[in-house]
Amino acid sequence: MTEETASRPGASSPGVAARMSKQARADTGPELALRRLLHSRGKRYRVGWPVPGMPRRKLDIAFTKAQVAINVHGCFWHGCPVHATWPASNAAWWRQKIEKNKMRDEETRAHLENLGWTVVEVWEHETPEEALERVMGALQPRPAAGNGESASGTVDSAG
């Protein structure tokens, strides 16, 4: 049992427990919608690809040859700067949990960028078409490093 699960408080009600147990970790609606659009544009990708050098972390969508990583974040779970909500029940525990998720996201992003990957972070509130546009932009050939421009970076949109 991990430290996190050992100190995890119980659900505030049976209804909350039922809803939380049904939350998908992968293949969420926003992720599937984006994958369908990418596939319809002829793009092929890996799903659940391991983050190089970071055991137990996976990319939602990975274009391994182009070194483009896409993570589709839920607004609640990853502390969306536009739509984050903070539960009233077990507030301190949830704030710590979500802040820890945000720190892990930042650590993963920095690690991938240091390896030369471009990271696209998609929020669940974005339309699939908005997300597709940003992903397609990231998949465009990048300038070679050494000509004064960065060969990696983050493509992020919270709005």
Are Val119 and Met54 linked, directly or through other ILVMFWY residues, by side chains that come within less than 4.5 angstrom of each other?
-> yes
When clusters are formed by joining ILVMFWY residues with side-chain heavy atoms under 4.5 Å apart, either directly or through shared neighbours, do Leu32 and Val122 land in the same one?
-> no
Any donor-acceptor N/O pair, Asn71 side chain to Leu59 backbone, under 3.5 Å | no
side-chain hydrogen bond (donor to acceptor under 3.5 Å, both in side chains) partners for Asp105, two or more places apart | His78
Trp117 ring center within less than 6.0 Å of Phe63 ring center = no
Supply the atom-to-atom distance Ile98 CD1 to Phe76 CZ, rounded to the nearest 0.5 angstrom.
-> 4.0 Å
Partner set under side chain to side chain contact (heavy atoms under 4.5 Å, CB included) for Thr127, not counting sequence neighbours = Glu129, Glu130
Hey, does the side chain of His111 reach the backbone of Val51 with a donor-acceptor pair shorter than 3.5 angstrom?
-> no
Closest contact, heavy atoms only, Ala138 versus Val120 | CB-CG2, 3.6 Å
Compare all side-chain heavy atoms of Leu115 with those of Pro52 and state whether any distance is below 4.5 angstrom.
-> yes
Test item: side-chain donor near acceptor, Thr108 and Arg57, under 3.5 Å = yes
Would you give the length of the straight line joining atom CD of Glu121 to atom CD of Glu106, rounded to the nearest 0.5 angstrom?
-> 7.5 Å
For Glu133, the salt bridge (charged side-chain N to carboxylate O under 4.0 Å, His left out) test, sequence neighbours excluded, returns none
Within-4.5 Å side-chain heavy-atom neighbours: Glu124 and His83 | no
Below 4.5 Å, heavy atoms only, C-beta onward: do Trp123 and Pro81 meet side chain to side chain?
-> yes
Verify, without hydrogens or angle tests, whether Arg109 (side chain) and Arg104 (backbone) share a donor-acceptor contact under 3.5 angstrom.
-> no
Do Val72 and Ile70 come close enough that some side-chain heavy atom pair is under 4.5 Å?
-> yes
For Glu99, what residues pass the side-chain hydrogen bond (donor to acceptor under 3.5 Å, both in side chains) criterion, not counting sequence neighbours?
-> none
Indicate yes or no: at least one non-hydrogen side-chain atom of His125 is less than 4.5 angstrom from one of Cys80.
-> yes
By salt bridge (charged side-chain N to carboxylate O under 4.0 Å, His left out) - contacts of Arg95 (at least two apart) = none
Donor-acceptor pairs under 3.5 angstrom involving side-chain atoms of residues 34-43: please list them, not counting sequence neighbours.
{"from": "Arg35", "atom 1": "NH1", "to": "Asp27", "atom 2": "OD1", "distance (Å)": "2.7"}
{"from": "Arg35", "atom 1": "NH1", "to": "Glu31", "atom 2": "OE2", "distance (Å)": "3.0"}
{"from": "Arg35", "atom 1": "NH2", "to": "Asp27", "atom 2": "OD1", "distance (Å)": "3.4"}
{"from": "Ser40", "atom 1": "OG", "to": "Leu37", "atom 2": "O", "distance (Å)": "2.8"}

